[in-house]
Structure formats: C-alpha cells, structure tokens
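Accompanying notes for the structure given below.
Quick caveat: nothing in here was measured; it's all calculated off a predicted structure. Positions are given from 1, in the same order as the sequence printed here. Just so you know, ligand 1 is whichever comes first in the structure, and atom 1 is the first atom listed for that ligand.
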Amino acid sequence: MAHHLHAGAAVWVRRPAAGVQNGVTAAASEWLPAVVTSADEGGAAAVALEGSGEVVACAPADIELRGDDSCVQDLIRLAHLNEPSVLSALARRYAGGQIYTNTGRGIIIALNPFTPMPHLYDAAAMEAYRSEGAAGDAVARAPHVYAVASQAYWRMRGEGKGQALLVTGESGAGKTETSKLIMKYLAFLGGYKSKDSDDGDAARPSVEQRVLESNPLLEAFGNAKTVRNDNSSRFGKYIELHFCAAGSISGARIHTYLLERSRLVAPSKGERNYHIFYQLLAGATREERSRWALGASAAAHRLTAAAGCLALPGVDDARDLLVTRHAMRAVGLGADEQERLFSILSALLHLGDVSFDPCPDGGDGCAVGGPAAASLAAAAGLLGCGAAALTKAVTTRTRVTPDGPIVSPLGAKAAAETRDALSKAARAAALLPPPLPRFGGPPAAADPRRREGVIQQTPRGARAVNAPQVIYARLFDWLVARINEAVGEDLVGA
Ligand SMILES: Nc1ncnc2c1ncn2[C@@H]1O[C@H](COP(=O)(O)OP(=O)(O)OP(=O)(O)O)[C@@H](O)[C@H]1O
C-alpha cells in the first residue's frame with residue numbers, strides 16, 4: 001500500500017523467506033521491522049532493517065506502517081491496522097503465554113497453545129470473569145474466552161434474548177476445546193455445582209452434568225485422528241443451551257451435520273478410523289471379545305488397520321473406553337442398549353473384513369469364501385440377520401421393474417467397492433431389521449424430518465450403497481438423538 005513516508009518512519013517491510021510446509025520448501029515472505037532512510041512520492045523507500053542495519057529498497061506494496069503496539073490487547077487499538085501489525089501483536093502475546101486477544105467487542109482470537117494451561121481456567125479465573133458483561137465492561141480484564149461467554153450470558157439475562165457464540169477456525173485450531181470451555185463456563189455461571197457436591201439426587205445427574213458428560217460420547221463416535229489433529233471432530237455441530245429464568249441450564253440440544261462417512265471405510269494414510277473402534281478393540285473384556293468375535297487388537301481388522309495408524313502417543317484407548325462407557329451411563333444408555341451398540345460396532349468391523357473372490361466358474365458374479373465367509377457370518381449374527389440373506393445382499397444387485405424385481409450378480413470388484421452392496425438404504429433397513437430401533441425406541445421415527453434426512457443421504461438410483469457407512473451414520477444419529485433425550489429440551493422458563 002502506498003503511504004506518505006518520511007525518513008525515520010517506523011515500518012514493516014516484506015522480505016522473501018524460504019518456508020517449509022509438509023516437508024516441501026516453498027517460496028514465502030515475512031514482515032521485518034525497519035526504519036525508512038529515504039522515500040519517494042510514490043511510496044517506494046529505502047529502509048534500514050532493525051537488527052542487521054542492512055539497507056534495502058522496497059516497493060510500496062511491500063511496506064506497511066508500524067506503531068508502538070507493545071501493550072495492545074485489543075487489535076482495534078493497533079496504531080496501524082495492517083497484516084504485519086496484527087501478526088506481530090498476536091505473536092508477541094502468544095510468546096508471553098497470552099493466547100487470547102480481543103478484536104473489538106465480542107470477538108476474540110484464540111491461538112492454540114498446544115499445551116495444557118490450567119492456570120488460565122482455574123477457579124480464580126472463573127471467578128474473575130463472573131461479572132464480566134454484567135458490569136458492562138468487557139475490556140477491563142485480560143482477554144479471555146470466559147469474558148466472551150460471560151458477556152453473552154449476562155446479555156441473555158439482561159435482554160431476555162438468545163445469544164449465539166460462533167467458534168470457527170481451521171482443523172486443529174482449538175474449536176472443540178474452546179467450545180467445551182464455553183459450555184463449562186456457562187454451566188458455572190448458571191450455578192452448576194460439580195458432581196462432587198453432595199446435595200441433590202446423586203442417582204440423577206444434573207442437566208449440566210449430562211451435557212458436559214455427553215462430550216466424550218460424541219467424541220468417541222464422531223472424532224478421529226487426522227494428520228492435523230489427533231482428536232479431530234469429523235462432523236459439524238450446533239449446541240443449544242437452554243436456561244431457566246433463574247439463569248441455570250435447564251436443557252440442551254445438539255444438532256450435528258455432515259458426519260464424514262467415508263472415513264469409516266477409507267481413512268487416509270496415517271490417520272485413524274473413529275476413536276470408538278480402537279477403544280472397543282483395546283478395552284473390551286475377554287468375555288466381550290469372545291461374544292463379539294473381536295480380534296486381539298486394532299491390527300486384526302481392516303477398518304482399523306488399513307490406514308497404518310493403530311495407536312496414538314499419549315492416548316490410552318482402553319482407558320478411554322471406560323470414559324465412553326461412563327458417558328453412556330450418564331446419558332442413560334442401559335446395559336442392553338450398550339450391548340446392542342457394541343454388537344453393531346463389532347459387526348461393522350467384521351463387515352469390513354469381508355472380501356470377494358471372482359466366481360470360480362468364471363461367470364459374472366463373485367463369491368465370499370474362506371475367512372471372509374466367517375467374517376460375514378459373524379457380522380450377520382451380530383446384526384441379527386441371516387448369513388444367507390446378507391451374502392445375497394452383498395453379492396447381488398436388485399432392480400425393481402414393472403415386471404418385478406430383477407436380481408443380477410455383482411462382480412468381485414463392485415462388491416468389494418461397496419463392501420456389502422446393500423443396493424439401497426431401504427434394502428439395508430430391510431436386511432438389518434430394524435437397525436437402530438432395536439436399541440430401544442427410535443427417536444428418528446418421532447421426527448419425520450430426521451427420518452427424511454437419513455433417506456436423502458442415500459443417493460437415489462445409486463447402484464449400491466456402502467452399508468457400513470449407512471449403518472454407522474444411523475448409529476451416530478441415533479446416539480445424538482439419545483443424548484438429546486438425556487440432556488432434555490426443557491424450554492419452560494428459558
Ligand atoms: N485452550 C487450549 N489449551 C490447551 N490445548 C489446547 C487448547 N485448544 C486446543 N488445544 C490442543 O489442540 C488440540 C486440537 O484442538 P481441537 O480439537 O479443539 O481443534 P479443532 O479446531 O476442534 O479441530 P477439528 O476441526 O479438527 O476438530 C487439542 O486436542 C488440544 O491438545
């Protein structure tokens with residue numbers, strides 16, 4: 001940008017720098033602090049770089065004004081609002097352990113510290129921001145995610161209107177962690193007492209507790225290790241928290257979007273499938289392992305082994321299964337429902353192990369033989385449908401014509417691509433009778449829109465649908481619906 005520059009003006013100048021991204025050296029640039037030694041009318045200048053004193057000539061596009069921003073904690077107070085000033089202010093604060101920076105009222109930039117910072121979120125910090133917003137002074141204290149949450153909370157209470165908090169950023173930026181901090185803090189502001197507190201009905205966790213405790217469950221089924229984030233949410237979510245007139249949480253509702261279904265059958269190299277599969281394979285008891293015919297470890301099943309990443313440093317999948325089970329109980333999933341749930345997950349693992357051989361007679365179809373037949377039988381048993389019906393479903397395609405259905409064989413490649421080629425979701429539903437309602441009442445049935453959504457997810461006229469994906473997506477929807485039942489939708493008094 002062209003500026004009126006004079007000798008002695010403090011500026012940023014853009015200089016070429018080699019950057020390395022994903023192991024590849026790429027041309028990049030960096031902004032360096034400098035002082036103008038001479039400038040022409042068009043904005044070009046000769047500058048002396050701070051530190052080295054080297055004098056370089058710069059085009060107008062490579063120069064930005066620089067102010068003294070050393071105490072700035074709100075970006076709108078920068079002396080010059082330009083890219084290098086913003087980046088330098090954020091970098092300086094981050095280096096000093098200040099991961100939060102305001103940018104105007106109600107917007108905060110959070111930089112991921114990638115290390116636990118318990119002092120930022122302890123009881124003293126919670127108290128410090130309790131009245132933020134109520135006092136109408138959101139900038140008085142250090143920028144903090146609690147300040148934004150507190151501001152929204154008190155505005156909701158003051159104006160009696162719903163508030164929305166948008167948490168956005170690229171994968172691994174810290175959205176999930178930030179959302180959890182916000183929820184915990186809103187629960188705290190609403191008077192939530194920790195579960196250690198001995199008042200109340202110990203057998204019935206509070207709504208706040210159920211909301212917070214449902215998180216591990218959603219994460220187990222909806223998160224996976226990616227190349228960018230060991231605990232990446234593979235779905236979008238919108239969480240509604242309902243408050244009663246007295247200001248405490250009275251209920252919640254979680255809406256989820258666009259679960260990454262393809263991960264189930266094809267996680268990318270170096271990534272993992274959904275956490276729950278590794279938890280199950282690491283933490284199932286000997287008796288459960290035999291009941292569900294599970295392999296000894298994640299290496300034993302294609303769905304968990306194919307991408308080549310079995311364990312994660314610092315993650316104990318067996319211990320995490322205990323956390324997931326605790327969350328299941330917290331949202332009210334009984335032993336029967338848990339059994340069905342783990343049976344279906346096990347069935348998916350077996351289904352993933354089914355492979356197809358070309359027909360021995362050289363014909364069009366394919367056959368399921370050897371160990372694959374055992375996997376298919378195990379899947380059929382766990383899903384509660386006959387092995388013959390499942391075999392037919394995975395090796396044939398049915399077309400409905402005015403003269404009746406025409407069944408034709410699928411080649412090995414087509415069958416393998418679709419894995420069990422249950423040609424349509426409707427057929428899948430017929431074969432896996434009825435897949436999720438057996439968990440104990442289908443919330444989907446009570447909500448026609450949701451049911452429609454499931455049907456729409458199946459490409460109409462598609463030659464075949466990958467049933468593990470369909471089943472897993474239904475399982476996930478069912479789980480979200482159960483969590484919603486547990487956390488309630490009590491809008492009375494909100
Ligand atoms: N405030 C924080 N304090 C400490 N560590 C954090 C914080 N925020 C994020 N992290 C670390 O960064 C990791 C990634 O964060 P998170 O899962 O929240 O990212 P995300 O934006 O939700 O990613 P994705 O879009 O892939 O789900 C966390 O597992 C945690 O280790």
Side-chain angles (χ1 to χ4, degrees), residues 22 73 90-91 93-103 107-126 128-129 141-150 164-188 211-212 214-239 254-264 267-276 278-279 307 309 311-317 319-320 323-324 327 476 479-480:
N22 295 334
Q73 55 180 14
L90 292 176
R93 290 178 60 74
Y94 188 74
Q98 295 159 313
I99 62 168
Y100 296 113
T101 303
N102 288 331
T103 175
I107 302 176
I108 194 162
I109 294 175
L111 296 186
N112 190 339
F114 284 108
T115 185
M117 302 191 90
H119 64 283
L120 277 184
Y121 312 111
D122 60 13
M126 288 182 130
Y129 292 91
R141 298 181 183 88
H144 200 294
V145 66
Y146 287 170
V148 179
S150 181
L165 290 161
L166 175 68
V167 185
T168 181
E170 63 180 349
S171 178
K175 301 180 294 295
T176 308
E177 294 299 318
T178 301
S179 305
K180 284 190 276 191
L181 288 166
I182 291 173
M183 280 200 292
K184 275 187 194 158
Y185 197 57
L186 291 173
F188 165 81
V211 170
L212 298 177
S214 65
N215 261 326
L217 193 50
L218 265 189
E219 290 193 3
F221 282 79
N223 287 25
K225 181 241 186 299
T226 65
V227 286
R228 305 189 66 158
N229 183 357
D230 282 359
N231 185 30
S232 184
S233 312
R234 308 316 296 162
F235 62 103
K237 74 182 160 223
Y238 171 66
I239 304 170
I254 299 167
H255 305 257
T256 57
Y257 307 92
L258 299 172
L259 178 75
E260 184 190 34
R261 297 201 292 174
S262 59
R263 174 166 302 271
L264 192 79
S268 306
K269 208 102 207 103
E271 302 199 344
R272 295 209 311 181
N273 217 311
Y274 289 102
H275 293 329
I276 188 65
Y278 303 87
Q279 294 179 7
C309 181
L312 293 180
V315 173
D316 180 343
D317 289 312
R319 194 199 61 85
D320 286 352
V323 176
T324 301
F476 187 73
L479 206 54
V480 172

Can you list the ligand 1 atoms lying under 4.0 Å from a non-hydrogen atom of A173?
19 (O), 21 (O)
Structural part of F235 in contact with ligand 1, heavy atom criterion under 4.0 angstrom
neither
Tell me, do Y94 and I99 make a side-chain contact under 4.5 Å, heavy atoms counted?
yes
Give the residue and atom name of whichever protein heavy atom lies nearest to atom 1 (N) of ligand 1, and the separation in Å to one decimal.
Y121 OH, 3.1 Å
Which protein non-hydrogen atom lies closest to atom 3 (N) of ligand 1, naming both residue and atom, and how far is it?
P113 CG, 3.4 Å
Using a 3.5 Å distance criterion without hydrogens, assess whether the side chain of D320 forms a donor-acceptor pair with backbone atoms of V315.
no
Does R272 reach the side chain of D317, with side-chain heavy atoms less than 4.5 Å apart?
yes
Suppose I only count heavy atoms of T115 and a 4.0 Å limit; which atoms of ligand 1 are within that range?
3 (N), 4 (C), 5 (N)
Test your reading of the model: is there a side-chain donor-acceptor pair from D230 to the backbone of K225, 3.5 Å cut-off?
no
Do you know which of I276, L259, T256 makes side chain to side chain contact (heavy atoms under 4.5 Å, CB included) with F221?
I276
Mark up the atoms of ligand 1 that fall under 4.0 Å of a heavy atom belonging to S232, in ascending order.
24 (P), 26 (O), 27 (O)
Per-atom contacts, ligand 1 versus N231 - under 4.0 Å to a heavy atom:
17 (O)
Worked check of side chain to side chain contact (heavy atoms under 4.5 Å, CB included) between R234 and T226
CA-CA 9 Å; R234 308 316 296 162; T226 65; 3.7 Å; yes
For residues Y121 and V145, report the shortest heavy-atom separation together with the two atoms involved.
CE2-CG1, 4.4 Å
Check if E170 has a non-hydrogen atom at a distance under 4.0 Å from any atom of ligand 1.
yes
Within the structure, does at least one protein heavy atom fall under 4.0 Å of atom 31 (O) of ligand 1?
no
Which of the atoms in ligand 1, numbered in the order shown and given with their element, are less than 4.0 Å from a heavy-atom of G174?
8 (N), 9 (C), 15 (O), 16 (P), 18 (O), 19 (O), 20 (P), 21 (O)
Short N or O distance, Y100 and ligand 1, threshold 3.5 Å exclusive
no
State, with a plain yes or no, whether a side-chain heavy atom of E271 is found less than 4.5 Å away from one of S232.
no
What residue and heavy atom of the protein are closest to atom 17 (O) of ligand 1, and at what distance?
N229 ND2, 3.0 Å
Output yes when a side-chain donor or acceptor of Y146 lies under 3.5 Å from a complementary backbone atom of L120, and no otherwise.
no
Of the protein's non-hydrogen atoms, which lies at the shortest distance from atom 22 (O) of ligand 1, and what is that distance?
T176 OG1, 2.5 Å
If you count the atoms of ligand 1 from 1 in the order shown, which ones are under 4.0 Å from a heavy atom of F114?
12 (O)
Would you mind checking which non-hydrogen protein atom is closest to atom 25 (O) of ligand 1, with the distance to 0.1 Å?
K175 NZ, 2.8 Å
Measure the distance from atom 8 (N) of ligand 1 to every protein heavy atom, then report the residue, atom name and distance (to 0.1 Å) of the closest one.
E177 CB, 3.4 Å
Among protein heavy atoms, which sits nearest to atom 27 (O) of ligand 1, and what does the distance come to when rounded to 0.1 Å?
S233 N, 2.7 Å
Which of L479, I239, V480, I254 passes side chain to side chain contact (heavy atoms under 4.5 Å, CB included) with S214? Answer is I254
Below 3.5 Å, N or O to N or O, backbone or side chain included: is there any such pair between G172 and ligand 1?
yes
Taking the side chain as C-beta and beyond, is there a heavy-atom pair between Y274 and Q279 under 4.5 Å?
no
Write out the residue and atom name of the closest protein heavy atom to atom 13 (C) of ligand 1, then the distance separating them to 0.1 Å.
N112 ND2, 3.9 Å
Can you check whether Y185 and Y129 have ring centres sitting under 6.0 Å from each other?
no
